[in-house]
Structure formats: C-alpha cells, structure tokens
Amino acid sequence: VLEHEIGPGGLLAIRLHSSDIRVRGVAGSVVRIHDATGTLERAFRIERAPGSLSLRADRGVSIGFVAVPIGGGRRAPNLDIEAPSGTTIVLATASGDVAADGLTGDQRYRTASGDIDLRSVSGQLTIDAVSGDVGVVTGGGCSIAARMSRGGPAGRPFSKGTKTTRYPLSLLRFHDPCWPIAMPSGK
C-alpha cells in the first residue's frame, strides 16, 4: 500500500498503459493506493510533493496520447485507490478501464480504448474517450465536458442535433477532429 498526505483538495495524477483504475472518494487527507501484486514501486515513477501525488507507468514508449509498453510485455498492476473526496483527479490510460465513485473535486479522465464509469461524482468533469463506453451518474452539482470519437455514453443517446466526431487512425493526430457525423441510431 502506498500512502501519501495530499490534503482534502490536493492533486492525484496517474498515467498508465493498460491497467484498470478504481478510485473511491473518502473523508480525510491521505491517498491510499493498493495493488494486488505489491509492485507499485517497481512499476511506476512516483513523485510525492506537498499536496500532490503522481504515478506514471515506468516502461513504455509514448506515441501521441497512446503509450506502448515495452520490456517483455510487463504491465503495471491494476490500482484500487482511496482519495480525499475533494481531490483534483487526473487519470489517463491507453487501454484500461476507469471507475470512480464519490469524488467532488475537479476530475479529468482520458482513455484510448477503455471504459469510464463514474458514480456519485460532482464538480467539473472532463472526459476524453477515443473508444469505449462512458457512464456518468452525478451525485450533486456537476459540469461535464466530454469528447468521444467511438462508442458513446451508456444508455440511449440524445436524438436531435447530437453529433460525434471521428478521428483518423493515425495516433499522432489524436487532438484534431477530422469530420463530424450524425449520431448513430440506437438498435
């Protein structure tokens, strides 16, 4: 278990290649990160500072947004995290799933091909998903900015005036939308 004091409104930033992340908002001022393998110190570059904690997968090559693991196919472990509810969260993963529950601070989530499932969240949410499903259940006042290029929000999409954007297969142009299309009809 990795523990670090960040305060009730600190910053937690995590960038992974293909691991799943589960974050639960709790009372207090300490972040606790659990992994079943006990390899956190070897699998991540960990930066501790007053009011913040940052973990970045240690092995891999980044190409645009997507990071490709190297070194014998080793992958970082899945993470189970307890963070103060008001923590500013920044999570990015290339192909892992993200689940969060009970967070109230600013939150930014990015994934290239994983699902994002947010429950009882509030505050400013920014979601960037290339592929995969996104589900959000708010637990209070919330502002959501979302960009998805494939997949879509869980449930039935809005039927009028909704557009999604397709992106080119080239990973180097991840941030540049190419063409808008009409929202696909629900089957």
Side-chain angles (χ1 to χ4, degrees), residues 1-62 65-130 132-140 142 144 146:
V1 176
L2 170 64
E3 292 188 359
H4 181 67
E5 171 105 19
I6 63 168
L11 170 66
L12 174 63
I14 300 176
R15 185 170 182 174
L16 305 174
H17 304 301
S18 59
S19 302
D20 295 340
I21 307 169
R22 188 174 69 124
V23 183
R24 186 170 53 95
V26 297
S29 60
V30 175
V31 172
R32 289 177 185 84
I33 302 177
H34 307 268
D35 78 295
T37 65
T39 61
L40 278 174
E41 298 290 335
R42 291 190 314 262
F44 295 97
R45 278 186 239 147
I46 301 171
E47 295 180 21
R48 297 170 180 92
S52 70
L53 177 64
S54 172
L55 281 78
R56 184 179 179 132
D58 197 29
R59 300 186 187 273
V61 176
S62 292
F65 166 65
V66 176
V68 179
I70 61 172
R74 291 174 48 176
R75 73 180 242 162
N78 295 332
L79 301 178
D80 187 10
I81 302 168
E82 296 173 358
S85 297
T87 299
T88 296
I89 301 284
V90 180
L91 300 179
T93 180
S95 64
D97 293 338
V98 174
D101 185 21
L103 297 170
T104 60
D106 288 348
Q107 301 157 60
R108 286 177 275 183
Y109 302 96
R110 293 181 70 185
T111 182
S113 66
D115 295 339
I116 298 175
D117 183 28
L118 308 177
R119 305 279 175 200
S120 298
V121 294
S122 59
Q124 175 71 37
L125 304 177
T126 303
I127 301 167
D128 196 349
V130 176
D133 294 325
V134 174
V136 178
V137 177
T138 63
C142 195
I144 301 173

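Every residue two or more places apart in sequence or in another chain that forms a side-chain hydrogen bond (donor to acceptor under 3.5 Å, both in side chains) with Asp35 is listed here: Thr37. For Asp80, the side-chain hydrogen bond (donor to acceptor under 3.5 Å, both in side chains) test picks out Arg22, with sequence neighbours left out.
Within the structure, the side chain to side chain donor-acceptor pair (under 3.5 Å) test picks out the following pairs touching residues 97-107 (sequence neighbours left out): Gln107-Tyr109.
The CZ atom of Arg56 sits 4.5 Å away from atom CZ of Arg15, with the distance rounded to the nearest 0.5 Å. Put simply, CG on Leu103 and CG on Leu118 are 8.5 Å apart, with the number rounded to the nearest 0.5 Å. Once rounded to the nearest 0.5 Å, the distance linking CG of Leu125 with CD1 of Ile89 reads 11.0 Å. Here Asn78 contributes atom CG and Asp20 contributes atom CG; the two are 4.5 Å apart, rounded to the nearest 0.5 Å. Atom CG of residue Leu12 and atom CG of residue Leu91 lie 6.5 Å apart, to the nearest 0.5 angstrom. Atom OG1 of Thr138 and atom CZ of Arg119 lie 11.0 Å apart (nearest 0.5 Å).
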Problem - Candidate pair Leu11 and Ile6, rule side chain to side chain contact (heavy atoms under 4.5 Å, CB included), full reasoning - result: CA-CA 7 Å; Leu11 170 66; Ile6 63 168; over 6 Å; no
Exercise for the section: In sequence, state the C-alpha distance, the side-chain angles, and the governing distance for Ser19 and Leu79, and then conclude on side chain to side chain contact (heavy atoms under 4.5 Å, CB included). Expected result: CA-CA 7 Å; Ser19 302; Leu79 301 178; 5.7 Å; no
Practice task
Take Thr87 and Val23, measure what side chain to side chain contact (heavy atoms under 4.5 Å, CB included) needs, and give me the verdict at the end.
Solution key: CA-CA 11 Å; Thr87 299; Val23 183; over 6 Å; no
Handout entry: Verdict with supporting geometry, Leu2 and Arg48, side chain to side chain contact (heavy atoms under 4.5 Å, CB included)
Key = CA-CA 11 Å; Leu2 170 64; Arg48 297 170 180 92; 2.8 Å; yes
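Side chain of Asp128 to main chain of Arg110: no donor-acceptor pair is present (N/O by atom type, distance under 3.5 Å, no hydrogens or angles). In this structure, the side chain of His4 engages the main chain of Ala49 through a donor-acceptor pair within 3.5 Å.
Taking both residues in full, the closest heavy atoms of Ala57 and Arg45 are given as O-NH2, 4.5 Å, listed atom of the first, atom of the second, then distance. For the pair Ser95 and Ser18, the tightest heavy-atom approach, listed with the atom from each and the gap, is OG-CB, 3.1 Å. The heavy-atom pair separating Thr93 from His17 by the smallest distance is OG1-O, 3.5 Å. Residues Pro84 and Gly28 share a closest heavy-atom pair of CB-O, 3.3 Å.
When side chains are defined from C-beta on, Ser113 does not count as touching Val130, because their heavy atoms never get closer than 4.5 Å. Within the 4.5 Å cutoff, the side chain of Phe44 has heavy atoms near those of the Pro77 side chain.
Environment of CD in Gln124: crowded, with over 12 heavy atoms of neighbouring residues, nucleotides or ligands closer than 6.0 Å.
Under the side-chain contact (heavy atoms from CB on, under 4.5 Å) test applied with Ile116, the options Ile127, Ile21, Asp133 reduce to a single match, Ile127.
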